Amino acid sequence: MADVSVPSLILFIASIVIAAGVAGVLIDTVTGISGALDDRGADVAENIRTDIEVISDSESGVYDSDTNTIALYVKNTGDRTLPATGETFDVIVDAQYRTNVSVSVADGSGDDWTPHGVVEVTIGDLDLGSGDHRVTLTVDGDEEVFRFNR
């Protein structure tokens, strides 16, 4: 009878040790996934709170051929205040990334781009020919496309 109980006891202890190890790995994995989901949720919440709209008229001549610039009026339709700087925007004109971007608050609300506020985005160093053109503005994941014909 003692011959049967010792191997059974060893197998029982081994299975408890293995189960504890598996449980530890599972807890660590679930904790890591939970942390990643919390981080991603915070990023998505920031992106949801950011929304912009280009309010310039595509027929109004947004391109100035004398200065080779495009001037667009953009409204902050989101819930948070954004910095009114060129670094706030990622600008692509006709599939080319542009860095010569200046921003000024157009509605006189100070230096920050408040919700429902309007800024003038000026994109320089352009030499656009006649035809259809496309400007893509991206702010914190929110992307707006503006098309115009010169």
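From a predicted model like this one, the values you see are computed outputs, not experimental measurements. Computed over heavy atoms, backbone and side chain alike; hydrogens, waters and symmetry mates excluded.
- Annotation: side chain of V101 is not in contact with side chain of T122 (no heavy-atom distance under 4.5 Å).
- For the pair D64 and N68, the minimum side-chain heavy-atom distance is 4.5 Å or more.
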Under the side-chain contact (heavy atoms from CB on, under 4.5 Å) criterion, do E120 and S102 qualify, and how do the steps go?
CA-CA 8 Å; E120 181 180 14; S102 63; over 6 Å; no

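- In this structure, the side chain of D112 does not engage the main chain of T81 through any donor-acceptor pair within 3.5 Å.
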Verdict with reasoning, T31 to D28, per side-chain hydrogen bond (donor to acceptor under 3.5 Å, both in side chains):
CA-CA 5 Å; T31 302; D28 186 48; 5.7 Å; no

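- Between L137 and V54 there is a side-chain heavy-atom pair separated by less than 4.5 Å.
- Note that CD1 of I123 is 5.0 Å distant from CD1 of I70, once rounded to the nearest 0.5 Å.
- Shown here for K75 and W113, the closest heavy-atom pair between the two residues is C-CZ2, 3.7 Å.
- For the side-chain contact (heavy atoms from CB on, under 4.5 Å) with V135, the qualifying choice from I92, L72, L126 is L72, the only one to do so.
- Partner of T88 under the side-chain contact (heavy atoms from CB on, under 4.5 Å) criterion, out of I52, V103, V139: V139 alone.
- Atom CG of D94 sits about 6.0 Å away from atom CG of L128, to the nearest 0.5 Å.
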Does V62 form a side-chain contact (heavy atoms from CB on, under 4.5 Å) with F146? I'd like the steps, not just the answer.
CA-CA 11 Å; V62 295; F146 180 78; 3.8 Å; yes

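- Other residues, nucleotides and ligands place no more than 12 heavy atoms under 6.0 Å from the OH atom of Y73.
- Judged by distance alone, the side chain of T77 and the main-chain N or O of D51 form a donor-acceptor pair under 3.5 Å.
- Formation of a donor-acceptor pair under 3.5 Å by the S15 side chain with backbone atoms of L11 is found in this model.
- With V93 as the partner, the side-chain contact (heavy atoms from CB on, under 4.5 Å) test is satisfied by one option alone out of R98, H133, R134: R98.
- For the pair V91 and Y97, the minimum side-chain heavy-atom distance is 4.5 Å or more.
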